[in-house]
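Report on the following structure.
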Amino acid sequence: MNGKPRIGVYVCHCGTNIAGTVDVEEVVRFAQTIPDVTVARNYSYMCSDPGQALIVDDIEKMGLNRVVVASCSPRMHELTFRKTLNGAGLNPYFLEMANIREQCSWVHEDSIAATEKSKRIIEAAVVKARRLEALDQKEVDVEPATLIIGAGIAGIQAALDIADAGFKVYLVEKSPTVGGHMAQLDKTFPTLDCSACILTPKMVDVANHPNIELMTYSKVEDISGYVGNFDIKVRKKTRYVDVSKCTGCGDCASACRQAGRFANEFDEGMGMRGAIYLPFPQAVPAKYTVDKESCLFLSKGKCGETPKCLEACQPKAINFELEDEIVDFKVGTIIVATGFDVFDATLKPEYAYGVYDNVVTALEFERMVNASGPTGGKVVMLERGKKKKKKKEGEEEEAPKVPESVTFIQCVGSRDKSVGNEYCSRVCCMYTAKLAHLVRDKAPDAEVTVFYMDVRAFGKGFEEFYDRVRREGVRYIRGNPSEIYRKNGKLIVRAEDTLTSTPLEHETDMVVLSVGLCPRTDTRDVIDLLKLSQSSDLFYLEAHPKLRPVDTASDGVYLAGVCQGPKDIPDAVAQAKGAASAAMIPMASGKVKVEAQTSIVDETTCRGCGFCVEVCPYTAIELVEINRMGWHVKAARVNEALCKGCGACAAACLSGSIQQRSFKDLQLLPQIQALGVK
Amino acid sequence: MVDITKLRDIAKEVISRDDVRQVIGYRPGTYGFRARPAFVLEPADADELIFSPACINNLATYIVIEEKLPVPRGQEPDSRKVAVMVKGCDSRAIIQQLEEKAYDRDHVLVLGIPCEGVVDMDKVNARFPNVDKGDIALEGDKFVISFNGTKEEVAKDELLADKCKRCRYPTPLVSDEMLGDEVERFADDDFSDVEVLEKKSRDEKWAYWEEKFSRCARCYACRNACPMCYCEDCVLTRLEPMWMRRSVDISENTAYHIARAYHLAGRCIQCGACEQACPMDIPLMDLNRKFYKDVRELFDYEPGTDAEQPPLLSTFSVDDREDFIL
Amino acid sequence: MAVKKLSKDKVGEALKELMKFRLVAPAKSDDVVIFKQISDPAEAYLDYGNSAVPPKKMVFPQTETLFRFVTGEPELKEKNVEEEGQTVIFGMRPCDARAMSIVDKLFDWDFDDPYYQKRRAMTTYVGMACTEPPSVNCFCTSVGGSPFSTEGLDVMLTDMGDYYAVQALNEKGEKLTETIASQLEDGGDEKKIEEMAAAAAGKIKRSIKTDGISEKIPTLWDSDVWKKVSASCLGCGTCTFLCPTCHCFDIQDEVEEMGEGRRCRMWDSCMFSEYTLHASGHNPRPSRKERTRNRVSHKYSYFPSKFDDIACVGCGRCINMCPVNIDILDILEQVVEA
Amino acid sequence: MAEATKTAEATKTDFEPNIVAFLCNWCSYAGADLAGTSRIQYPPNVRVIRVMCSGRVNPLFIMNALQQGADGVLISGCHPGDCHYMQGNYFARRRFNLMRNFLEYVGIEPERVRMSWVSASEGAKWKGVIEEVVEGIKSVGPMDSFKRRQLNW
Ligand SMILES: Cc1cc2nc3c(=O)[nH]c(=O)nc-3n(C[C@H](O)[C@H](O)[C@H](O)COP(=O)(O)OP(=O)(O)OC[C@H]3O[C@@H](n4cnc5c(N)ncnc54)[C@H](O)[C@@H]3O)c2cc1C
Ligand SMILES: Cc1cc2nc3c(=O)[nH]c(=O)nc-3n(C[C@H](O)[C@H](O)[C@H](O)COP(=O)(O)OP(=O)(O)OC[C@H]3O[C@@H](n4cnc5c(N)ncnc54)[C@H](O)[C@@H]3O)c2cc1C
Ligand code: SF4
Ligand code: SF4
Ligand code: SF4
Ligand code: SF4
Ligand code: SF4
Ligand code: SF4
């Protein structure tokens with residue numbers, strides 16, 4: 001809108017809410033004296049239909065091009081009056097509100113002071129209105145597809161929900177199988193259902209769902225764009241196995257020259273695998289993978305005369321010529337569900353993890369108690385690193401020793417400033433109780449002791465479960481052990497019982513360290529892809545800790561599961577369902593509104609310093625090369641679809657080149673002047 | 001000590017390279033004890049080059065103030081390197097300019113001059129007034145001043161520029177070629193000068209600054225001389241929006257000085273060029289140094305020491321002080 | 001007219017008497033000397049070299065309101081210069097006084113500038129001869145002045161040791177000396193003044209030949225010399241801002257949000273990058289090269305060709321104050337050689 | 001107490017300071033609104049400029065407000081960690097930290113330049129902040145050191 005500003009000022013009585021304190025007539029008289037004010041009126045309720053009609057009428061008859069409504073807070077009725085302007089054919093951003101109710105008549109009894117203050121507030125609104133500009137309220141279309149990174153229980157659940165709703169899902173998992181940590185667990189607290197029983201059907205669903213494109217053994221390499229329109233590039237690493245041919249029979253694995261020589265990651269290194277392997281029998285997809293590092297043919301170029309696997313594979317699925325595949329696709333929303341790593345217990349050297357065979361982590365112990373795990377579900381003493389004696393044909397294998405006592409230590413790597421983790425991992429108390437119970441179950445003669453700081457049994461059925469375990473004879477000692485050492489073939493846990501303040505030395509056969517949940521070591525990769533922020537605990541930061549716990553600062557990007565912070569399976573699933581429905585909102589509506597009060601750069605004065613780029617929490621600004629009279633110079637450019645209109649960039653820019661629409665220096669400085677003068 | 005023959009030889013070699021457009025150094029001045037900037041465009045020009053304690057200007061400014069005049073259609077701008085001689089302090093300007101992406105690192109060829117300190121010309125002139133032609137050299141801890149056939153020695157401390165008295169980086173922090181041996185740090189900065197002002201009472205402070213600010217001619221020399229002030233269009237003189245009026249009075253002048261100093265917060269590299277340029281003797285460094293001190297003490301940040309560090313005010317720490325917040 | 005004596009111990013009394021006018025004298029602010037209105041003789045600092053800002057600013061203020069207005073209303077309220085009253089500038093240097101007569105020419109040339117004219121008429125210039133040249137870079141003798149030049153002055157003072165020799169140079173001067181007649185004695189030594197003048201002129205160390213310069217400069221429009229002499233210029237404007245003959249100004253409006261405003265003019269400098277910058281973004285003097293050329297041409301060619309006078313009085317300020325030692329004499333030398 | 005100081009004291013407390021406040025839309029502006037809906041009474045000396053985020057506040061606004069005649073300036077934002085835009089208040093805090101120190105250094109009382117964290121639910125805190133700010137500014141008197149002279153000749 002060009003030409004001289006013609007401003008209408010509308011002072012609302014709000015019944016007696018305003019008029020009872022503020023001399024409305026006097027304020028109107030004053031408003032008429034402000035330069036560029038074409039008309040000033042007052043009315044009992046501006047937000048009522050007749051009140052709004054007054055504005056519409058003046059716009060049409062008097063050619064107003066700016067409107068100031070002096071009434072309640074803009075947080076109350078800004079939208080109402082924007083619509084009014086819009087209805088009258090005026091750009092809705094030509095509205096400025098003067099809050100003379102919440103911040104004037106309601107908080108000051110002195111009528112004279114309140115009237116004076118109202119005048120100042122209105123004057124400031126008028127001088128700003130004079131410089132308001134028309135803004136575009138843009139909308140962008142949303143691609144009805146979601147990318148989910150990570151196929152643990154959280155990623156799986158979200159994928160199923162979204163796919164069931166009819167949207168396309170690309171589920172990208174970096175390991176050869178879906179399932180994440182939950183697949184490693186035996187039973188789950190507090191109900192003790194079997195993890196595999198409830199998880200595997202979902203794993204299978206995910207692989208078969210017509211709306212889900214599952215990409216395991218894959219990595220997201222690039223993400224660009226913004227909500228509604230993300231461009232994704234994924235690298236599908238080759239398995240050297242043609243998955244369309246592999247039947248999952250496993251003949252190759254038994255034939256492999258390297259069979260049983262490498263620690264199986266899935267078993268936390270307690271079980272062994274060959275160069276071609278399936279992480280665990282129920283892995284999804286049930287397709288074998290050649291590990292490049294351990295394969296003789298791939299690493300040394302030669303595996304006997306011909307690789308044995310090639311011979312063994314009937315459908316001829318194995319092919320060492322296969323290469324990584326890059327796929328590109330578009331999605332409208334993204335869910336990050338990359339889970340966690342367990343705490344690296346070697347960072348607490350006092351617990352001698354890695355030194356003594358029978359100091360194990362809880363995750364290793366999960367594998368041990370798991371019926372399909374390396375010990376077939378038996379709780380036994382370990383002899384790690386010791387080469388298994390080749391057993392002669394028919395020779396009875398020496399039965400492994402069952403520990404006479406198992407001791408758990410809680411909070412290993414959690415609530416511990418010395419390792420930089422101040423937070424509580426939220427699952428260790430309960431899984432310790434669960435594992436303690438399982439020991440009672442599987443090795444009933446073993447004595448079970450738990451060292452703890454506090455027991456946090458906050459969830460549904462948790463306290464009851466903890467109570468049950470204690471009643472089963474598990475001994476809880478309050479105190480953080482300070483050292484573990486070996487004496488006479490036994491492990492000695494040195495601690496202090498803090499309830500009785502007595503130092504003690506506890507003798508045991510096996511120590512289980514209840515390691516906490518930590519951010520993934522490769523967190524940075526995802527951060528670089530999506531520019532996510534981290535909270536101080538280094539888990540991904542949600543947009544708001546209470547009210548937007550699944551959203552991130554970037555529109556269209558959501559969090560699910562432990563990647564956002566430690567949680568158990570029910571919470572991970574709940575959040576996954578939340579993230580799924582959040583991701584579906586823009587897809588269901590098909591369009592997203594883009595903030596109108598975004599920032600804009602004056603490329604002729606921008607010095608390309610990038611201060612604004614650094615400040616923007618939404619990475620909405622980038623430096624681009626422009627041609628300034630033949631010179632190739634850098635200048636900032638705002639991606640309006642990403643900008644949320646906070647204005648932080650405008651305050652960071654020294655040359656004043658980037659300005660936030662509706663809050664430009666040019667608009668705020670006069671306001672300051674109007675308020676400052678008197 | 002910088003070997004002048006070596007300095008000229010290197011300059012000659014550098015200017016002979018195809019990818020170098022000019023070498024910026026120093027040459028003798030036109031009067032008194034002064035030295036002035038030299039722009040070497042061909043090898044012969046290098047014979048004028050010198051380095052002495054009179055070489056007070058910060059040549060890094062020239063890298064950023066050159067006008068980018070319209071390039072005729074079909075032509076490409078001259079993209080050859082600019083070689084520039086920098087002392088320790090000046091080198092920090094380059095680092096800070098790089099931090100602010102003023103140009104790419106390979107746009108400049110930095111010739112580092114390990115520096116044992118330069119003089120404060122005002123002090124020299126006060127001591128040896130109205131000398132039409134003279135020389136200054138540093139020998140050990142003495143400046144040797146020669147003019148009209150006489151030679152006088154003055155203790156280094158008496159004529160040394162204040163900034164050098166607290167210089168922590170006498171050897172350039174960035175350079176492609178070093179023109180001398182590393183100089184060991186000979187001073188440290190305890191900010192006692194700032195503290196003196198901080199300790200004044202409220203009224204004394206204002207009285208102090210009122211006198212200075214009202215004297216300011218608003219000539220903007222301080223801004224133009226500063227290697228960090230190179231905005232195409234400085235907001236301090238912009239008409240729309242008008243942050244401060246061009247009129248000269250205590251109000252606008254104060255606003256100017258607050259704004260200028262704030263714009264240099266976390267960016268000022270303490271070269272003193274602004275103060276040296278000011279014809280009205282406004283102690284601009286007193287302003288710059290307050291920010292410099294706070295920035296270091298509150299945020300452990302030192303501008304112009306690491307081109308990779310993010311700009312001070314575009315970052316934060318969750319632990320930043322907030323005891324003043326209600 | 002006979003030379004009078006003003007004994008140094010009576011200077012204070014004399015200044016007091018002059019205070020019935022607006023009395024402007026050199027004063028110290030820290031170590032900087034500036035001209036300002038004084039209200040106590042002790043403020044005057046007469047034993048000075050030269051001021052940083054020339055006394056020109058008392059007649060041609062750095063910021064000057066021309067008129068006030070209310071946006072949208074036709075009436076203007078013009079500044080009444082007369083209200084400022086009679087002014088005496090006390091103790092100005094001969095070069096700065098000569099500069100005033102140069103600036104005079106500009107302000108009553110194609111347009112009689114009422115503000116300047118009125119103020120000029122109300123001001124009496126009391127000079128102070130340079131018995132010692134204030135700086136090494138003084139070169140007044142090369143551009144038509146001298147340390148004892150009385151051009152542009154109404155009264156001249158000469159420091160004779162224990163007294164000032166006082167010479168009224170015209171009617172205005174005589175009127176002024178009458179005001180302080182009670183402090184004056186007879187018997188100033190005119191002869192000695194002449195000797196001193198010669199001696200002082202001999203102490204000027206720097207010089208330049210100006211013959212033919214004004215004609216030569218326009219022939220150098222496209223010469224490389226400008227690029228060369230301006231290479232180190234910072235564009236800071238100090239040289240012109242503090243020059244006693246520079247007279248460029250800009251006109252700006254200062255408007256309050258409620259519509260009241262004033263139009264004022266303020267010093268400008270041809271060395272500023274926004275000087276002659278058009279609203280379109282075009283600038284006929286886009287770089288320091290053109291600006292330097294303009295500065296030198298204006299002083300040594302355009303002005304002389306119009307007014308027969310070089311617009312430079314040789315005060316040496318631009319040389320002394322230039323942070324990068326750009327030296328007008330050096331430039332002129334190169335121009336002559338080019 | 002000397003007579004002169006007495007009157008100085010008197011004018012200091014009699015005078016009604018004019019304070020310009022910059023409030024972020026999401027927390028402090030909402031907090032001030034809440035004070036209104038709760039009819040919490042506080043002194044009328046504060047005039048508010050609404051910005052979307054305290055991170056928008058250029059510290060030069062403070063200088064500008066003081067120059068334009070404000071006796072004091074208040075910037076208020078969300079508590080750390082609660083910023084609607086996640087980080088804006090941290091930037092504001094850092095910038096303000098420096099500016100406030102600097103203004104004090106040139107002789108402008110720190111009582112005039114204040115910052116607060118007020119959340120959307122802290123209507124009562126808002127009142128407390130206003131009272132404290134007004135009190136503080138009254139104790140140092142009108143700001144006239146470098147106030148702009150309105151259109152002087
Ligand atoms: C010892 C132990 C016992 C536990 N016991 C119980 C219990 O009894 N009951 C209970 O409720 N909870 C229990 N938990 C917690 C439970 O394991 C977690 O709540 C749950 O696994 C979280 O699932 P998730 O999907 O968030 O993460 P994860 O299971 O870690 O899944 C993340 C998935 O993302 C993949 N991924 C990671 N990064 C990328 C990437 N960049 N690209 C692609 N894919 C990636 C990973 O490979 C993984 O498959 C236990 C935890 C531990 C450590
Ligand atoms: C003292 C206290 C302090 C707390 N502090 C915190 C804290 O600091 N941080 C935090 O995160 N959480 C806190 N909480 C927990 C927090 O209050 C709850 O998590 C949250 O309020 C739960 O919201 P809700 O909607 O589930 O339930 P509610 O808030 O209870 O809402 C349920 C609504 O349903 C209505 N309703 C019930 N039955 C019917 C019916 N049959 N028909 C129609 N309407 C019905 C009720 O009237 C009510 O409005 C606190 C709780 C307490 C008690
Ligand atoms: S207004 Fe905020 S979100 Fe938008 S570009 Fe600026 S800093 Fe980024
Ligand atoms: S901060 Fe300003 S000058 Fe720097 S890049 Fe951003 S817009 Fe350009
Ligand atoms: S402000 Fe002064 S000291 Fe700081 S960088 Fe600029 S010129 Fe150098
Ligand atoms: S003062 Fe600020 S805006 Fe002006 S040139 Fe310096 S940094 Fe740029
Ligand atoms: S150089 Fe000096 S006089 Fe000129 S604007 Fe800067 S401080 Fe003022
Ligand atoms: S004083 Fe020197 S550097 Fe400044 S504009 Fe004049 S010539 Fe250029």
Nearest heavy atoms of A/Leu675 and D/Asn18, plus distance in Å: O-ND2, 3.0 Å

By a 4.5 Å heavy-atom criterion (distance strictly below it), what part of A/Ala652 contacts chain D: side chain, backbone, both, or neither? both

Please identify, among D/Met86, D/Gln87, D/Arg95, the residue contributing the most non-hydrogen atom pairs under 4.5 Å to chain A. D/Arg95

Less than 4.0 Å between a side-chain N and a carboxylate O, is that true for A/Asp665 and D/Arg56? yes

Please find the pair of heavy atoms, one from D/Phe22 and one from A/Ile672, that lie closest to each other, and give the distance. CZ-CD1, 3.7 Å

Could you tell me which portion of D/Val46 (side chain, backbone, both or neither) has an atom closer than 4.5 angstrom to a non-hydrogen atom of chain A? backbone

Flag side-chain contact, heavy atom, 4.5 Å: D/Arg148 against A/Gln673: yes

At a heavy-atom separation under 4.5 Å, does D/Val20 approach chain A through its side chain, its backbone, both, or neither? side chain

Any idea which of A/Ala124, A/Pro74, A/Cys72 has the most non-hydrogen atom pairs under 4.5 angstrom with chain D? A/Pro74

With a 4.5 angstrom heavy-atom cut-off, which part of D/Ala30 approaches chain A: side chain, backbone, both or neither? both

Are any of the side-chain heavy atoms of D/Met52 and A/Cys646 separated by less than 4.5 Å? no

Residues of residues 104-117 of chain A within contact distance of chain D, non-hydrogen under 4.5 Å: A/Trp106, A/Val107, A/His108, A/Glu109, A/Ala113, A/Lys117

Would you name the heavy atoms of D/Tyr85 and A/Tyr618 that are closest together and state the gap between them? CA-OH, 3.1 Å

With A/Asp136 via side-chain hydrogen bond (donor to acceptor under 3.5 Å, both in side chains) - residues at least two apart: none

In short, D/Val51 meets A/Phe663 closest at the heavy-atom pair CA-CE2, 3.9 Å

Regarding D/Arg50 and A/Glu78, does a basic nitrogen lie under 4.0 Å from an acidic carboxylate oxygen? yes

Above 12 or not: heavy atoms from other molecules or residues under 6.0 Å from CD of D/Gln41? yes

Part of D/Asn45 within contact of chain A (heavy atom distance under 4.5 Å): neither

To the nearest 0.5 Å, tell me how far A/Gln103 CD sits from D/Leu23 CG. 6.5 Å

Got A/Asn99 and D/Asp33 here, is their nearest side-chain heavy-atom distance under 4.5 Å? yes

A/Arg75, A/Arg101, A/Glu102: which one forms the most heavy-atom pairs within less than 4.5 Å of chain D? A/Arg75

Counting heavy-atom pairs under 4.5 Å with chain A, which one of D/Pro44, D/Ala35, D/Ala70 comes out on top? D/Pro44

Looking at chain A, which one of D/Leu60, D/Ile19, D/Val48 has the largest number of heavy-atom pairs inside 4.5 Å, strictly under? D/Val48

Where on A/Gln659 is there a heavy atom nearer than 4.5 Å to chain D: the side chain, the backbone, both, or neither? side chain

At a heavy-atom separation under 4.5 Å, does D/Phe91 approach chain A through its side chain, its backbone, both, or neither? side chain

